[in-house]
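Below, chains carry the letters A, B, ... as their sequence lines are ordered, and counting in each starts from 1.
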Amino acid sequence: MESARQIRMAAAWPWISTLPRLALAAVWLVAGGLKAGDLAASARAVNAYQLMSYDAAEVVGAVQPFLEIALGLLLLIGLATRLTAVISAALMVIFIAGISWAWSQGLRIDCGCFSSGGELGAGESTAYGVDILRDVAFVALSGLLVWRPRSRFSLDGFLLGER
Amino acid sequence: MSKGRERAAKARQIVADQKAAERRRTVTLWTSVAVVLMLFAAGLIGWTTLRGQDDGKVTVPSAAVDDGTAFAVGAGPVTVDVYEDFMCPACGSFEETTGGVLKQLATAGKITLRFHPVAILDKFSHGTAYSTRAAAASAAAGQEGKFTEFHDVLYANRPAENTAGLTDAKMIELAASVGLTSETFTTAVNGGTYKTWATQATEKFSKKGFNGTPTIAVNGEQLNGPDNSVPSTALVTETIDKAAG
């Protein structure tokens with residue numbers, strides 16, 4: 001028999017999960033929106049990691065902002081929440097790896113997370129630790145959604161006939 | 001009788017549960033398919049936007065050297081390439097500390113100094129794209145044989161990042177103060193004649209694997225100070241001496 005507490009938690013989870021879903025949606029929409037307007041700058045930001053040729057960086061820099069916006073919109077409406085949360089987490093892990101790489105190589109760049117990034121000027125300092133911590137927090141939010149994907153005000157809930 | 005009813009209720013419950021599970025599977029499958037397709041479509045939008053980007057008609061200033069990306073001073077045996085953005089603070093301080101020495105070396109016939117204007121800081125001028133406008137104006141000045149003069153006066157009046165930058169009118173005024181008053185120059189600045197050139201030159205800069213400004217290269221070899229910093233005047237002159245043999 002389920003205890004009263006378990007029943008209460010089962011009812012509360014969809015409400016709790018709604019928060020990370022909407023927060024992640026906002027993160028992606030802002031991150032993608034800031035980059036989509038200037039694809040040349042986005043390409044330079046990717047290029048600054050020195051992980052690929054400029055031609056490849058150009059493609060990644062163009063595709064990434066739109067992918068981020070799409071992920072944001074999908075999380076906002078709550079479609080296939082578990083899958084979008086897994087993809088979010090995977091992308092964040094890739095970003096963390098990229099920033100760690102830049103850090104280990106002693107590159108002096110802006111991560112380009114919420115901007116068009118690029119190389120830093122002489123006076124500016126890098127913030128790799130902060131950037132990584134922030135991305136780890138986003139991975140944690142995604143993880144919560146992977147674990148408890150059902151949330152309120154989601155298309156998933158509507159399609160499953162939940163009220 | 002009551003036992004039979006209980007069993008029937010249980011059976012109905014099992015069927016209902018199975019139906020619910022079936023529905024969950026179907027919904028999960030199709031929403032996942034939809035999500036993958038939509039993400040793919042989004043990526044495609046990015047790709048086509050990139051491919052569809054047309055620099056438009058690029059007017060390359062005929063006075064420019066090195067694949068039409070630079071303006072040269074002097075004709076010495078050692079080539080020194082300097083890539084700069086007119087809004088970049090680090091370029092401003094590089095010009096202050098090392099710019100004079102480089103120009104002297106160029107005048108003395110020791111080096112060929114090639115200035116490559118690039119525009120990577122457009123986002124720091126409140127949407128006026130000062131970096132691109134200034135680079136384009138410098139090309140117009142180069143075309144009139146006054147690149148260095150104009151370059152120097154722009155750095156002497158370098159606007160801080162996160163300001164609107166100098167207006168076109170102000171740049172024309174500054175040009176006049178260094179003896180550049182031609183109609184051709186004014187028309188080119190006001191008409192943005194070399195803006196697409198500035199964009200293309202910046203792309204060529206990135207393609208060379210350069211990411212920041214100022215980037216200095218001696219005989220094609222990028223020169224960095226310790227810890228990827230801007231090289232000091234001493235390091236630059238030393239490297240030039242070595243390259244000269």
Under 4.5 Å heavy-atom distance to chain A, tell me which part of [X] shows up: side chain, backbone, both or neither.
X        : result
B:Thr202 : side chain
B:Ala129 : neither
B:Ser206 : both

[X] portion near chain B, given a 4.5 angstrom heavy-atom threshold:
X        : value
A:Ile69  : neither
A:Glu68  : neither
A:Leu67  : both
A:Leu160 : both

Roughly how far, to the nearest 0.5 Å, is the [atom2] atom of [Y] from the [atom1] atom of [X]?
X        : Y       : atom1 : atom2 : value
A:Thr84  : B:Leu39 : OG1   : CG    : 8.5 Å
B:Lys207 : A:Asn47 : NZ    : CG    : 10.5 Å
A:Phe66  : B:Thr49 : CZ    : OG1   : 4.0 Å
B:Lys123 : A:Lys35 : NZ    : NZ    : 11.0 Å

With the side chain counted from C-beta on, respond yes when [X] and [Y] share a heavy-atom pair under 4.5 Å apart, and no when they do not.
X        : Y        : value
B:Met38  : A:Leu79  : yes
A:Tyr54  : B:Glu203 : yes
B:Ile120 : A:Arg44  : yes

Contact summary for [X] and [Y], nearest pair of heavy atoms:
X       : Y       : answer
B:Leu50 : A:Ala62 : CB-CB, 3.7 Å
A:Ala80 : B:Val35 : CB-CG2, 3.5 Å
B:Trp47 : A:Val59 : CZ3-CG2, 3.6 Å

If you draw a 6.0 Å radius around CD in B:Glu221, do more than 12 non-hydrogen atoms from other residues or ligands fall strictly inside?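 No, the 6.0 Å shell around CD holds no more than 12 heavy atoms from other groups.
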Could you check which of A:Leu39, A:Thr81, A:Leu73, A:Leu107 has the highest count of heavy-atom pairs closer than 4.5 Å to chain B?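 Ranked by contacts with chain B, first place is A:Leu39.
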Member of B:Thr26, B:Thr31, B:Thr28 meeting the side chain to side chain contact (heavy atoms under 4.5 Å, CB included) criterion with A:Leu159: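 The residue from B:Thr26, B:Thr31, B:Thr28 that satisfies side chain to side chain contact (heavy atoms under 4.5 Å, CB included) with A:Leu159 turns out to be B:Thr31.
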